[in-house]
Amino acid sequence: MAKAVLLILLSAYVITEMPQASWANRPEEAPKEKVTNLQFYFHDTLSGKNPTAVRVAQAPDSDKSPTLFGATFMVDDPLTETPDPNSRLLGRAQGLYGSSGKQEIGLIMAMSFCFVDGPYKDSTISLVGKNPAMNPVREMPIVGGTGLFRMARGYAIAQTHWLDPTTGDAIVGYNVTVFQ
Ligand SMILES: *[C@@H]1O[C@H](CO)[C@@H](O)[C@H](O)[C@H]1NC(C)=O
């Protein structure tokens with residue numbers, strides 16, 4: 001008899017507790033997603049006395065490879081408002097890219113876009129992914145961020161604006177879409 005009462009009390013407890021568990025997961029309580037679009041130009045300079053991209057590592061045969069397979073570069077590339085290198089400096093792309101393709105030119109990119117001016121000053125976004133740099137348009141993942149871009153994810157569409165094929169110097173337009 002006591003056992004039966006206890007069972008009834010316990011099941012009543014479970015039933016009253018149940019709705020609360022699903023309460024917290026009501027879809028209307030999920031925060032609204034924010035979308036941000038960013039546009040800037042990336043200036044990658046390998047030549048001259050003050051390069052912003054320097055080769056820091058390579059494989060023994062990188063120079064014999066048509067794609068420089070294994071060559072790895074450290075960059076601190078200015079990000080500007082227009083293709084003009086003297087236009088407003090919005091930030092800097094700091095990180096690495098390395099040649100990860102043997103058959104075709106493909107760079108593995110791992111860098112932070114660190115904003116120094118404008119509405120996103122002191123915030124960063126992180127880009128990691130393959131950049132088939134010879135394609136006129138390519139897409140790369142945005143995997144995170146800091147400051148105003150905390151918990152961000154999204155994608156970057158890059159388009160070469162100008163390229164010097166002898167030095168490798170390039171100006172690349174970036175369109176970045178970020179979701180939070
Ligand atoms: C961003 O995309 C738009 C539409 O395709 C294009 O007109 C613009 O030039 C792009 N911006 C950059 C910086 O590449």
Side-chain angles (χ1 to χ4, degrees), residues 31-56 66-69 71-180:
K32 265 254 165 80
E33 198 167 58
K34 195 175 135 207
V35 184
T36 310
N37 287 291
L38 304 160
Q39 278 189 47
F40 47 79
Y41 288 83
F42 171 103
H43 299 261
D44 197 44
T45 307
L46 295 117
S47 70
K49 285 209 167 69
N50 191 20
T52 60
V54 293
R55 202 194 284 206
V56 293
T67 61
L68 286 179
F69 181 63
T72 302
F73 298 78
M74 184 72 76
V75 310
D76 184 358
D77 284 346
L79 304 173
T80 62
E81 196 163 44
T82 77
D84 178 352
N86 297 314
S87 65
R88 182 177 174 201
L89 181 75
L90 296 175
R92 311 193 70 88
Q94 298 180 325
L96 293 160
Y97 61 75
S99 174
S100 57
K102 286 179 76 124
Q103 322 295 337
E104 43 132 53
I105 294 186
L107 306 174
I108 178 71
M109 309 266 286
M111 56 182 72
S112 281
F113 292 154
C114 312
F115 297 99
V116 298
D117 197 6
Y120 309 112
K121 187 176 187 289
D122 299 330
S123 294
T124 72
I125 51 179
S126 296
L127 179 148
V128 177
K130 180 186 169 178
N131 179 1
M134 291 301 130
N135 291 3
V137 182
R138 52 266 180 203
E139 179 180 338
M140 288 163 277
I142 300 296
V143 299
T146 64
L148 293 172
F149 297 120
R150 193 178 279 174
M151 302 293 284
R153 67 206 153 69
Y155 57 92
I157 305 289
Q159 253 174 299
T160 303
H161 178 80
W162 173 84
L163 171 72
D164 180 337
T166 49
T167 60
D169 291 357
I171 301 175
V172 181
Y174 270 81
N175 261 305
V176 177
T177 304
V178 160
F179 303 88
Q180 280 162 292

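Side chains included, hydrogens not; waters and symmetry mates left out as well; all remaining heavy atoms used. Every number for a ligand or one of its atoms is a count from 1 in the order of the listing.
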Should the ring pair F40 and Y174 be called parallel, tilted or perpendicular, given that the plane angle runs from 0 to 90° and is split at 30 and 60? parallel

Applying salt bridge (Lys or Arg N to Asp or Glu O under 4.0 Å) to D117 and not counting sequence neighbours gives R88

For R150, the salt bridge (Lys or Arg N to Asp or Glu O under 4.0 Å) test, sequence neighbours excluded, returns none

Check: T82 side chain to D84 main-chain N or O, any donor-acceptor pair under 3.5 Å?
Finding: yes

With sequence neighbours left out, the residues meeting salt bridge (Lys or Arg N to Asp or Glu O under 4.0 Å) with K121 are none

At a 4.0 angstrom heavy-atom cut-off, ligand 1 is contacted by Q39, F40, Y41, G173, Y174, N175

Parallel, tilted or perpendicular: rings of F179 and Y155 (30°, 60°) | tilted

